[in-house]
Student: 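The structure follows.
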Amino acid sequence: METPSSSNGRLTAFGNQLVQVHNWLRKELAMLHDDLGSVAEGRAERLRDLRAHCLTFCSALTRHHTGEDGGAFLVLADKFPELRPSLEELAHDHGVMTGIIERLEELVAGVGPGSSQDEILDVQRELDGLTAIMETHFRYEEKRIVEVLNSLDMPEWQESKPSFLLKSH
């Protein structure tokens with residue numbers, strides 16, 4: 001796991017770390033799109049990449065959102081009550097994305113060498129839907145909470161990185 005820091009070795013503010021995690025998740029999703037494109041072009045050897053990447057990405061996104069719902073959002077709601085409506089909306093998005101992730105994992109598991117173009121298109125539709133909601137969600141989240149996360153002094157988050165700020169390679 002990586003702990004984001006600035007070039008001078010000082011720990012990066014939590015909001016900036018959140019943006020870094022979002023950017024990493026965006027890149028991972030773009031690679032998942034590429035993997036699906038390769039499989040759609042008939043490159044069956046990329047099927048294992050698609051499945052592995054899907055599991056890795058879906059797991060990371062779920063860990064990120066679970067960490068926000070069960071940790072960061074609770075802290076923010078307590079310290080910044082005016083954010084509660086936004087936090088509830090963000091948590092609702094997490095539920096929507098969870099449903100899409102579950103369908104995506106199921107569809108990707110069913111894709112094989114003999115899959116039809118319709119089956120590949122079903123995966124593409126779910127992936128496109130996840131991409132759209134995830135990007136809108138991330139932008140809104142970054143607009144609403146990065147500044148307040150940057151203002152927090154949470155020594156326990158410095159000592160043990162909360163799951164919503166973790167990324168893996």
Side-chain angles (χ1 to χ4, degrees), residues 1-36 52-108 123-169:
M1 300 292 166
E2 181 180 311
T3 301
S5 62
S6 65
S7 57
N8 66 7
R10 194 169 156 262
L11 286 173
T12 305
F14 298 121
N16 295 346
Q17 289 181 48
L18 177 74
V19 173
Q20 290 173 358
V21 170
H22 286 177
N23 289 339
W24 177 76
L25 286 165
R26 286 173 173 117
K27 285 182 202 171
E28 293 297 311
L29 186 57
M31 290 192 313
L32 188 54
H33 275 282
D34 290 345
D35 290 342
L36 181 61
H53 216 144
C54 183
L55 288 173
T56 300
F57 170 78
C58 292
S59 174
L61 185 60
T62 299
R63 179 188 66 226
H64 173 71
H65 287 157
T66 302
E68 286 177 333
D69 292 340
F73 288 1
L74 298 175
V75 169
L76 292 175
D78 183 51
K79 294 185 182 284
F80 304 95
E82 68 277 11
L83 284 178
R84 286 182 183 150
S86 296
L87 297 171
E88 288 171 7
E89 189 174 333
L90 291 166
H92 172 76
D93 287 353
H94 293 167
V96 172
M97 283 187 267
T98 296
I100 295 172
I101 288 168
E102 289 170 357
R103 286 190 301 278
L104 182 61
E105 288 176 323
E106 189 177 297
L107 289 169
V108 167
V123 175
Q124 186 65 53
R125 283 186 204 104
E126 289 300 325
L127 199 53
D128 289 346
L130 181 60
T131 300
I133 192 169
M134 190 182 91
E135 189 55 41
T136 301
H137 172 84
F138 282 177
R139 284 184 189 156
Y140 180 72
E141 188 172 68
E142 290 165 3
K143 182 179 177 181
R144 297 293 297 146
I145 70 171
V146 165
E147 190 175 321
V148 295
L149 280 172
N150 281 345
S151 74
L152 288 180
D153 181 22
M154 302 288 292
E156 61 272 25
W157 287 4
Q158 299 289 7
E159 293 169 17
S160 178
K161 194 67 54 197
S163 61
F164 80 100
L165 294 177
L166 295 177
K167 57 184 178 173
S168 59
H169 296 280

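This chain uses plain numbering: 1 for the first residue, then up along the sequence.
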Student: Pick from L29, L107, D35, V108: which one makes a side-chain contact (heavy atoms from CB on, under 4.5 Å) with L127?
Tutor: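 Of the listed residues L29, L107, D35, V108, the side-chain contact (heavy atoms from CB on, under 4.5 Å) partner of L127 is L29.
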Student: Could you check if a side-chain atom of S86 sits within less than 4.5 angstrom of a side-chain atom of F80, using non-hydrogen atoms only?
Tutor: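 Result no, sub-4.5 Å side-chain heavy-atom pair not found.
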Student: Between the side chain of T56 and the main-chain N/O of H53, is any donor-acceptor distance below 3.5 Å?
Tutor: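 Absent.
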Student: When you look at L152 and W157, which way does the side chain to side chain contact (heavy atoms under 4.5 Å, CB included) test go after all the steps?
Tutor: CA-CA 10 Å; L152 288 180; W157 287 4; 4.0 Å; yes
Student: Between atom CD1 of I145 and atom CZ of F73, what is the distance when rounded to the nearest 0.5 Å?
Tutor: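 Between I145 CD1 and F73 CZ, I get 5.0 Å after rounding to 0.5 Å.
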Student: Kindly compute the distance separating CD (E126) from CD (E105), expressed to the nearest 0.5 Å.
Tutor: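 So the CD of E126 and the CD of E105 are separated by 11.5 Å.
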Student: Answer yes or no: is there a side-chain heavy-atom contact under 4.5 Å between K161 and Q17?
Tutor: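 Side chain of K161 against side chain of Q17, heavy atoms only: contact under 4.5 Å found.
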Student: Report the distance from atom SG of C54 to atom CG of L104, rounding to the nearest 0.5 Å.
Tutor: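 Between atom SG of C54 and atom CG of L104 there are 4.0 Å.
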Student: Under a 3.5 Å distance rule, please check whether N16 uses its side chain to pair with a backbone N or O of N150 as donor and acceptor.
Tutor: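 No.
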Student: Are any non-hydrogen side-chain atoms of V21 and F164 less than 4.5 angstrom apart?
Tutor: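 V21 does not reach F164 side chain to side chain.
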Student: Would you say that L87 contacts L74 through its side chain, given a criterion of any heavy-atom pair below 4.5 Å between the two side chains?
Tutor: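 With C-beta onward as the side chain, the pair stays apart.
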Student: Rounded to the nearest 0.5 Å, what's the gap from CG on L18 to CD on E141? Could you check?
Tutor: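 If I round to the nearest 0.5 Å, the distance is 5.0 Å.
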Student: How about Q124 and D128: does a side-chain donor come under 3.5 Å of a side-chain acceptor?
Tutor: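 Distance-only check passes for Q124 and D128.
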Student: Students often mix this up, so state it plainly: with edges at 30° and 60°, are the rings of H64 and H22 parallel, tilted or perpendicular?
Tutor: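 Judged by the thresholds at 30° and 60°, the geometry between H64 and H22 is perpendicular.
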Student: Does a side-chain heavy-atom distance below 4.5 Å link F14 with V75?
Tutor: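 Not in contact.
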Student: Could you check whether any side-chain heavy atom of R103 comes within less than 4.5 Å of a side-chain heavy atom of I100, counting everything from C-beta outward?
Tutor: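 R103 reaches I100 side chain to side chain.
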Student: Return the set of residues passing side-chain contact (heavy atoms from CB on, under 4.5 Å) with T66 (not counting sequence neighbours), or none when no residue passes.
Tutor: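 T66: side-chain contact (heavy atoms from CB on, under 4.5 Å) contacts with T62.
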Student: S163 and G67: which non-hydrogen atoms are nearest, and at how many Å?
Tutor: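 Smallest interatomic distance, heavy atoms only, reads OG-CA, 3.1 Å.
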Student: How long is the straight-line distance from CZ of F57 back to CH2 of W24, given to the nearest 0.5 Å?
Tutor: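 These two atoms lie 8.5 Å from each other.
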Student: Considering all heavy atoms of both residues, which atom of D78 and which atom of R84 are nearest to each other, and what is their separation?
Tutor: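 Distance-wise, the nearest heavy atoms are CA-NH2, 4.2 Å.
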Student: Just by modelled atom types, is the L166 backbone N or O under 3.5 Å from a matching donor or acceptor in the R63 side chain?
Tutor: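 Yes, R63 side chain to L166 backbone: donor-acceptor pair under 3.5 Å.
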Student: Can you list the steps and then say if M154 with K79 is a side chain to side chain contact (heavy atoms under 4.5 Å, CB included)?
Tutor: CA-CA 12 Å; M154 302 288 292; K79 294 185 182 284; 4.1 Å; yes
Student: Once the angle between the rings of H65 and H94 is folded into 0 to 90°, is it parallel (under 30°), tilted (30 to 60°) or perpendicular (over 60°)?
Tutor: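 Answer is parallel, since the angle falls under 30°.
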Student: To the nearest 0.5 Å, what is the distance between CG (L61) and OG1 (T98)?
Tutor: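 Output value for this atom pair is 8.0 Å.
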Student: Does E135 come within less than 4.0 Å of R139, counting only side-chain N to carboxylate O?
Tutor: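 Yes, E135 and R139 are salt-bridged.
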